[in-house]
Novice: 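Below is a structure I'd like to ask you about.
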Amino acid sequence: MLDKYLQTSLLFDFYGQLLSKRQREVMSLYHEENLSLAEIAAEFNITRAAVFDSLKKAQKALEDYEEKLGLVERFVKTREAIEKIDEIIDGLKDERLKEVKKIIDELEG
């Protein structure tokens with residue numbers, strides 16, 4: 001499916017608000033700010049082992065949410081389908097299909 005880092009980032013984007021405040025903070029510092037375990041431990045005045053445990057518990061919770069809700073998988077499949085549709089439309093000459101592509105492109109932002 002996706003590489004582990006990208007998958008974790010997507011899981012955090014989709015389900016991060018369901019984590020505890022501390023888990024969100026630790027995940028954010030580790031994955032978004034690229035802080036080391038030692039730096040995060042110093043930030044919260046806890047051990048590196050506690051940071052590691054918090055990250056593992058948060059990761060497990062995110063994976064559990066995805067297993068139950070499947071939002072990331074659905075998002076990835078939708079993106080892949082849109083990319084395929086774009087490729088097909090790009091190969092066609094019909095102006096109406098190009099209008100459809102324009103609408104799809106606008107949806108993607």
Side-chain angles (χ1 to χ4, degrees):
M1 181 176 153
L2 304 169
D3 75 15
K4 188 72 171 170
Y5 185 80
L6 179 56
Q7 183 171 0
T8 299
S9 292
L10 281 173
L11 290 173
F12 187 60
D13 286 346
F14 275 80
Y15 305 114
Q17 291 301 312
L18 301 175
L19 299 174
S20 71
K21 182 179 179 198
R22 176 60 62 96
Q23 286 175 326
R24 276 195 316 274
E25 291 170 342
V26 169
M27 288 286 289
S28 178
L29 291 173
Y30 187 75
H31 288 283
E32 295 172 357
E33 304 296 327
N34 295 317
L35 269 61
S36 69
L37 297 181
E39 291 170 319
I40 297 169
E43 179 81 20
F44 293 108
N45 198 27
I46 58 177
T47 66
R48 288 185 317 154
V51 173
F52 181 81
D53 288 344
S54 181
L55 284 170
K56 288 300 170 190
K57 286 179 185 175
Q59 179 71 34
K60 174 73 170 114
L62 294 173
E63 290 168 357
D64 289 347
Y65 294 134
E66 175 60 14
E67 184 179 318
K68 290 176 179 134
L69 301 172
L71 298 177
V72 172
E73 181 180 358
R74 196 170 316 141
F75 171 78
V76 170
K77 285 181 180 179
T78 301
R79 294 285 305 164
E80 289 170 352
I82 288 172
E83 287 173 12
K84 286 179 186 176
I85 292 168
D86 270 350
E87 289 175 15
I88 292 168
I89 291 173
D90 282 342
L92 300 173
K93 303 223 184 266
D94 186 333
E95 288 303 313
R96 294 184 62 116
L97 290 174
K98 294 196 182 204
E99 290 177 37
V100 171
K101 182 180 180 339
K102 182 180 175 189
I103 293 169
I104 291 170
D105 290 344
E106 289 172 358
L107 287 174
E108 292 181 322

Novice: Are Q59 and T8 close enough that a side-chain donor and a side-chain acceptor fall under 3.5 Å?
Specialist: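 Distance-only check passes for Q59 and T8.
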Novice: Surrounding CG of N45 (heavy atoms of other residues, nucleotides or ligands, distance under 6.0 Å), is the total greater than 12?
Specialist: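 12 or below, so no.
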Novice: With a 3.5 Å distance limit and no angle check, can you tell me whether E73 reaches the backbone of G70 through a side-chain donor-acceptor pair?
Specialist: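 Answer holds: no.
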Novice: Sequence neighbours left out, what passes salt bridge (charged side-chain N to carboxylate O under 4.0 Å, His left out) with R24? Give chain and number order.
Specialist: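 Counting only residues at least two positions away or on another chain, R24 forms no salt bridge (charged side-chain N to carboxylate O under 4.0 Å, His left out).
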Novice: Closer than 3.5 angstrom, by distance alone: can the side chain of E66 be matched with the main-chain N or O of L71 as a donor-acceptor pair?
Specialist: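 Yes, the answer is positive, given that a donor and an acceptor are paired below the 3.5 Å cut-off.
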Novice: Working to the nearest 0.5 angstrom, can you tell me the gap between F44 CZ and E25 CD?
Specialist: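 Taking CZ in F44 and CD in E25, the distance rounds to 4.5 Å.
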Novice: Output every pair passing salt bridge (charged side-chain N to carboxylate O under 4.0 Å, His left out) with a member in residues 51-64, not counting sequence neighbours, ordered by first then second residue.
Specialist: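 Salt bridge (charged side-chain N to carboxylate O under 4.0 Å, His left out) check on residues 51-64 returns K4-E63, K60-D64.
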Novice: How close do L62 and L11 get, heavy atom to heavy atom, and via which atoms?
Specialist: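 L62 and L11 have their closest heavy atoms at CD2-O, 3.7 Å.
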Novice: I'd like to know if the side chain of Q23 and the backbone of S20 have a donor-acceptor N/O pair within less than 3.5 Å.
Specialist: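 Yes, the answer is positive, given that a donor and an acceptor are paired below the 3.5 Å cut-off.
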Novice: Show the nearest heavy-atom pair for residues M27 and L19, with the distance to one decimal.
Specialist: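 What the structure gives for the nearest pair is CG-CD1, 4.2 Å.
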Novice: Rounded to the nearest 0.5 Å, how far apart are CG of D105 and NZ of K102?
Specialist: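 Going from the CG atom of D105 to the NZ atom of K102 covers 10.0 Å.
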Novice: More than 12 non-hydrogen atoms from neighbouring residues, nucleotides or ligands closer than 6.0 Å to OH on Y30, yes or no?
Specialist: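 Open: at most 12 neighbouring heavy atoms sit under 6.0 Å from OH of Y30.
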Novice: Flag the pair F14 / L69 as yes when at least one side-chain heavy-atom distance between them is below 4.5 Å, and no otherwise.
Specialist: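 No, side chains not in contact.
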Novice: If you count heavy atoms of other groups shown closer than 6.0 angstrom to OH of Y65, is the number above 12?
Specialist: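 More than 12 within 6.0 Å, yes.
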